[in-house]
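A short write-up of the structure that comes next.
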Amino acid sequence: MSALSTIRSRPEDLKRAIALRNKPYPDVDALVTLDTECRQLAGAVNALRAKRNEQAHKLADAKKAGGAVDAAVSRELGELRDTIAADEAKLQKCESERDALLLLFPQIPHPTVPVGKDGTENVVVREVPSTVRTIPEPKPHFVLGPELNILDTERGAKVSGEGFYFLVGDGARLEMALITFMRETHRKAGYTELLPPILISSASMTGTGQLPKFAEDSYKTVLDDLWLAPTAEVPLTNLYRDEVLLGTDLPLKVMAFTPCFRREAGGHGVETRGIARVHQFNKVELVNFVHPNSSYDQLETLLSEAEAIVQALGLRYRIFNLCTGDLPDKAAKCYDIELWAPGAARWLEVSSVSNFEDYQSTRAGIRYRETQAAKPEFVHTLNGSGTALPRLMVAVMETWQTSPGRIEVPPVLRPYLGGQTHLEPTPFVGERELGRGRRGWNAG
RNA sequence: GCUGAGGUAGCCUAGCCCGGGAAGGCGCCAGCCUUGAAAGCUGGUGGCGGCAACGCCACGGGAGUUCAAAUCUCCCCCUCAGCGCCA
């Protein structure tokens with residue numbers, strides 16, 4: 001949603017933005033017409049209510065002076081009430097239609113966003129090579145992981161279904177090390193760490209733009225109006241929903257490590273092999289509440305904060321400036337960071353760094369006041385993955401195969417793994433493994 | 001889950017029993033005063049519409065009664081306390 005005032009004052013800008021996005025959206029003129037209608041209705045209702053109030057006050061004054069209530073006036077006011085009620089119903093219908101329509105409109109892309117029809121026209125900002133000497137033919141994680149028994153997708157599918165997995169032994173420890181490494185890095189960059197709720201109300205899901213459009217992408221609980229957070233962006237951004245922040249609070253930087261849940265309906269095939277696309281994953285998320293004047297400077301800072309992670313791990317990566325045709329509705333500008341997975345020979349999106357401007361703050365009512373006497377203004381919200389774990393794990397496992405069948409621990413992570421230099425295999429457990437020529441270390 | 005007490009502007013509070021233009025304080029802003037500041041005094045400090053004067057809306061949300069609802073009735077949400085259950 002762009003703010004209603006933008007649509008009123010600059011409908012042409014919105015039209016142009018929509019055209020650039022190369023996707024179908026509701027008609028801007030229809031919205032403007034609807035809005036005009038609402039305002040006319042509001043004016044009419046307003047006048048009627050003024051008349052009613054004036055009469056009712058006279059009646060109240062008369063009664064206070066000791067007189068009786070005039071039956072004729074009373075009846076007249078009763079009729080007026082019914083007229084007003086009918087008009088109010090029309091107004092309410094008009095406004096709810098307008099507001100529902102408004103929620104469907106995308107944010108206006110920033111001038112520095114390249115124009116393009118779809119993802120193929122995203123612009124590479126930079127590509128950075130790996131600093132790791134990987135063996136000639138590294139195995140993909142979905143081969144190496146099960147071989148070392150640090151990743152178990154079969155039992156994940158048994159327990160929860162397709163798209164769920166277990167990390168085992170040093171696999172789990174590597175992920176926890178990455179998480180702690182990222183949390184510490186971001187903390188040093190000035191982030192306040194939060195452990196947020198991950199069951200989310202519909203109001204909060206609407207506030208960040210997950211609803212109404214992406215309801216089918218999220219999991220919802222059966223007995224309560226609660227959704228499983230698809231990203232920590234939702235609780236983090238809603239932290240200050242319906243609040244007025246102080247000008248001196250900004251920029252406000254918060255982060256959280258949480259599991260994320262996505263239905264990923266319809267996403268099957270080669271790309272889902274392994275853990276590159278799953279229903280539940282962990283992520284460290286960064287959210288910034290920023291003064292509108294500095295949100296684009298802050299976007300670059302945020303990008304560098306996410307980039308610092310992949311850089312420290314020596315991974316090959318590239319950064320895209322998403323073109324208008326690929327830009328998410330809620331974003332005015334968005335960078336994607338992709339990691340190279342040498343085993344699977346694929347690029348994997350591991351972080352999305354966006355400036356939403358006031359898209360979320362208008363929906364969620366997050367404002368700030370420059371001074372106590374000033375009017376509250378909407379903040380700009382930014383977020384960035386810092387970063388998503390499964391794809392980071394994939395890139396680390398595949399890149400750090402410095403000897404055949406072995407995974408080295410990146411030096412920056414060793415403090416979090418007791419100084420360990422390589423991941424150790426986990427013993428196999430159970431009779432099912434015997435048939436595959438595998439057996440646990442304790443067997444026989 | 002049960003019982004009770006609550007939810008009023010950025011914050012704190014009065015009004016509710018007994019229906020009739022939401023009072024006051026704090027904080028903040030401006031003006032006056034002052035060499036400057038503080039204190040003091042005056043005014044302003046929720047949203048929408050309007051150039052304006054002004055009008056309307058807003059007392060957790062929704063419905064109802066009534067000429068008229070912060071106030072009465074019903075439903076729902078949330079907070080706190082006690083009890084119950086529970087990792």
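Numbered from 1 within each chain, the chains take letters A, B, ... in sequence-line order.
Rounded to the nearest Å, the gap between the C1' atom of B:U42 and that of B:A53 is 22 Å. B:G19 and B:G4 have their P atoms separated by 25 Å, with the value rounded to a whole Å. Taking atom P on both nucleotides, B:G84 is separated from B:G15 by 35 Å, rounded to a whole Å. Remark: the separation of the C1' atoms in B:C18 and B:U13 is 22 Å, to the nearest Å. When the P atom is used for both B:G25 and B:C41, the distance is 10 Å, rounded to whole Å. Remark: the separation of the C1' atoms in B:A5 and B:A39 is 41 Å, to the nearest Å. A distance of about 46 Å separates the C1' atoms of B:U3 and B:G55, rounded to the whole Å. One P atom belongs to B:C29, the other to B:A37, and the distance between them is 13 Å to the nearest Å.
Salt-bridge check for A:Glu349 with A:Arg277: failed, with every basic side-chain N at 4.0 Å or more from each acidic carboxylate O. Using a 4.0 Å cut-off between a side-chain N of Lys or Arg and a carboxylate O of Asp or Glu, A:Arg16 and A:Asp13 qualify as a salt bridge.
In this structure, A:Asp242 places its CG atom 15 Å from C1' of B:A58, rounding to the nearest Å. One can place CG of A:Leu41 at 16 Å from C1' of B:C57, the figure rounded to the nearest angstrom. Atom CZ of A:Arg241 is separated from atom C1' of B:G60 by 13 Å (rounded to the nearest Å). Rounded to a whole Å, the CZ atom of A:Arg369 is 7 Å from the P atom of B:G10. A:Glu243 has its CD atom 16 Å from the C1' atom of B:G60, to the nearest Å. Distance A:Glu95 CD to B:G47 C1': 12 Å, rounded to the nearest Å.
Among the nucleotides B:G49, B:G55, B:C57, the one closest to the side chain of A:Ala50 is B:G55. Checking B:G55, B:G20, B:C57 against every side-chain atom of A:Ala60, the shortest atom distance belongs to B:G20.
Taking the six-membered ring where the residue is Trp, A:His291 and A:Tyr368 present tilted rings, their angle falling between 30° and 60°. In this pair, A:His279 and A:Phe164 present their aromatic rings tilted. The plane angle is within the 30 to 60° band.
In this entry B:C72 has B:G64 as its Watson-Crick or G-U wobble partner, both defining distances falling under 3.5 Å. With a cut-off of 3.5 Å on both pairing distances, the Watson-Crick or G-U wobble partner of B:G46 is B:C57. Under the Watson-Crick and G-U wobble criteria, each requiring two contacts below 3.5 Å, nucleotide B:G36 is left unpaired. With a cut-off of 3.5 Å on both pairing distances, B:A87 has no Watson-Crick or G-U wobble partner at all. Summarising the base pairing, B:C41 is matched to B:G31 through a Watson-Crick or G-U wobble pair whose two defining distances lie under 3.5 Å. Pair assignment for B:C2 gives B:G82, based on Watson-Crick or G-U wobble hydrogen-bonding distances that are each under 3.5 Å. For B:A23, there is no paired base (Watson-Crick or G-U wobble, both distances below 3.5 Å). With a 3.5 Å ceiling on both atom-pair distances, B:C18 lacks any Watson-Crick or G-U wobble partner.
Both A:Arg367 and A:Arg49 sit near RNA chain B, but only A:Arg367 has its closest nucleotide nearer the 5' end.
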Q) Using a cut-off of 4.0 Å between protein heavy atoms and nucleotide atoms, how would you tag nucleotides 61-79 of chain B 5' to 3' with B, S and -? A) -----BBS-----------
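Nearest approach of A:Ser295 to A:Leu382, heavy atoms of both residues: O-CD2, 3.5 Å.
Among A:Ile179, A:Val396, A:Leu389, A:Leu392, the one residue that satisfies the side-chain contact (heavy atoms from CB on, under 4.5 Å) test with A:Leu174 is A:Val396.
For B:G50, one of the phosphate oxygens OP1 or OP2 lies less than 4.0 angstrom from a side-chain nitrogen or oxygen of A:Arg39. Under 4.0 angstrom from either OP1 or OP2 of B:C57 there lies at least one side-chain N or O belonging to A:Asn53.
Interatomic distance, NZ of A:Lys90 versus CD of A:Gln40, reported as 12.0 Å (0.5 Å rounding). For the atom pair CG of A:Leu226 and CD1 of A:Ile198, the computed distance is 11.5 Å after rounding to the nearest 0.5 Å. Distance CG/A:Leu348 to OG1/A:Thr387: 11.5 Å, rounded to 0.5 Å.
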